[in-house]
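One structure below.
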Amino acid sequence: MTRRSAAAPASHQASPGRVLPAAFYARPTLEVAADLPGKLLVHRSPAGETSGIIVEVEAYIGEDDPACHAAPGPTRRNRPLYGPPGRAYVYLNYGIHALLNAVTEEEGSPAAILIRALEPIGGVPLMRRRRRRAGKGVRALAPDAPDLDLCRGPGNLTRAMGISLDDNEADLTGRRLCIVDGPAPSGEVIWSPRIGIRVGTERLWRCYVAGSRAVSGGR
DNA sequence: CGTTCGATGCACT
DNA sequence: GTGCATCGAACGT
């Protein structure tokens with residue numbers, strides 16, 4: 001076996017612009033979650049391209065995690081969680097919001113990371129147009145809302161980026177939807193209990209960039 | 001500040 | 001029929 005270099009970059013090391021390979025996701029979920037803040041989520045659609053720096057994620061790990069959709073065992077809905085790492089798991093929640101997850105671990109090990117907030121980078125006008133449209137129980141974003149509110153919260157960011165149930169099981173290393181290396185996180189990355197759930201709140205599996213105004217939850 | 005509540009679609013029991 | 005990994009408006013304090 002030959003090696004290009006003794007310092008060949010591992011899948012989780014930064015190299016700006018590089019699309020994160022499937023190997024990035026084929027690791028323990030908490031390690032992947034810790035590495036996601038600072039990465040760039042990119043979505044391309046006929047309407048245009050949008051992107052943003054990930055600043056908040058949550059891990060959902062295994063059938064023993066009561067808050068994970070895999071808790072009841074395999075079902076039709078959670079099938080992507082049992083699939084290969086590096087794909088999207090998108091589902092509809094409260095009948096209104098499409099929520100985006102990145103599947104981790106390995107095939108047969110149901111685990112994923114919920115992407116909860118981004119700092120908008122590219123396609124901000126397109127994001128604002130999408131969020132200014134009301135519909136399906138979703139109110140239009142106020143015209144004077146700051147850019148940092150556009151992708152603040154898991155339902156808001158999918159709406160701003162045009163991510164829908166059509167993206168369920170999408171390849172996260174593909175052209176339509178991918179995560180690429182970005183700058184180092186702008187602040188300290190810290191862990192807290194997951195929010196918005198009623199069970200499993202004792203696990204500190206929410207990971208976010210301290211001080212970012214784009215992080216969801218209280219201010 | 002805080003809490004409450006309605007909108008809405010789908011998977012699951 | 002029930003229950004959400006949400007959001008934001010409309011209150012009350």
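Lettering follows sequence order; numbering is per chain, from 1.
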message: Determine whether a donor-acceptor pair (N or O, by modelled atom type, separation under 3.5 Å) exists between the side chain of E106(A) and the backbone of A26(A).
response: no
Could you pull out all donor-acceptor pairs under 3.5 Å where a side-chain atom in residues 199-208 of chain A meets a protein atom, sequence neighbours excluded?
from, atom 1, to, atom 2, distance (Å)
R203(A), NH2, D64(A), O, 3.3
R206(A), NE, E56(A), OE2, 2.7
R206(A), NH1, S192(A), OG, 3.1
R206(A), NH2, E56(A), OE2, 3.1
R206(A), NH2, S216(A), O, 3.2

message: With a 3.5 Å distance limit and no angle check, can you tell me whether R129(A) reaches the backbone of V124(A) through a side-chain donor-acceptor pair?
response: no
- request: Taking the six-membered ring of F24(A) (Phe, Tyr or Trp), confirm whether the NZ or CZ of R27(A) is under 6.0 Å from its centre and within 45° of its axis.
  value: yes
message: I'd like the P distance from dT13(C) over to dC5(B), given in whole Å.
response: 14 Å
- request: Check for a donor-acceptor pair, side chain of R213(A) on one end and backbone N or O of L148(A) on the other, with a separation under 3.5 Å.
  value: no
Donor-acceptor contact below 3.5 Å, side chain R116(A) vs main chain G153(A): no
message: Rounded to whole Å, how long is the line connecting atom CZ of R76(A) with atom C1' of dG9(B)?
response: 14 Å
message: Please give the distance between the C1' atoms of dG8(C) and dC10(B) as a whole number of Å.
response: 22 Å
message: Distance check, P atoms only: dT8(B) and dA10(C), in whole angstrom units.
response: 16 Å
- line: Readout for nucleotides 5-11 of chain C: B = base within 4.0 Å of protein heavy atom, S = sugar-phosphate only, - = neither; 5' to 3' it is BBSSS--
message: For H97(A), is there any backbone N or O sitting under 3.5 Å from a side-chain donor or acceptor partner on R159(A)?
response: no
message: Let me check I have this right: for DNA chain B, each base becomes ., (, ), [, ] or |, based on Watson-Crick or G-U pairs with both distances under 3.5 Å. What is the full string?
response: |||||||.||||.
- request: Verify the ring-centre separation between Y91(A) and H69(A): is it less than 6.0 angstrom?
  value: yes
- prompt: What nucleic acid atoms does R194(A) come within less than 4.0 Å of, heavy atoms only: base, sugar-phosphate, or nothing?
  reply: nothing
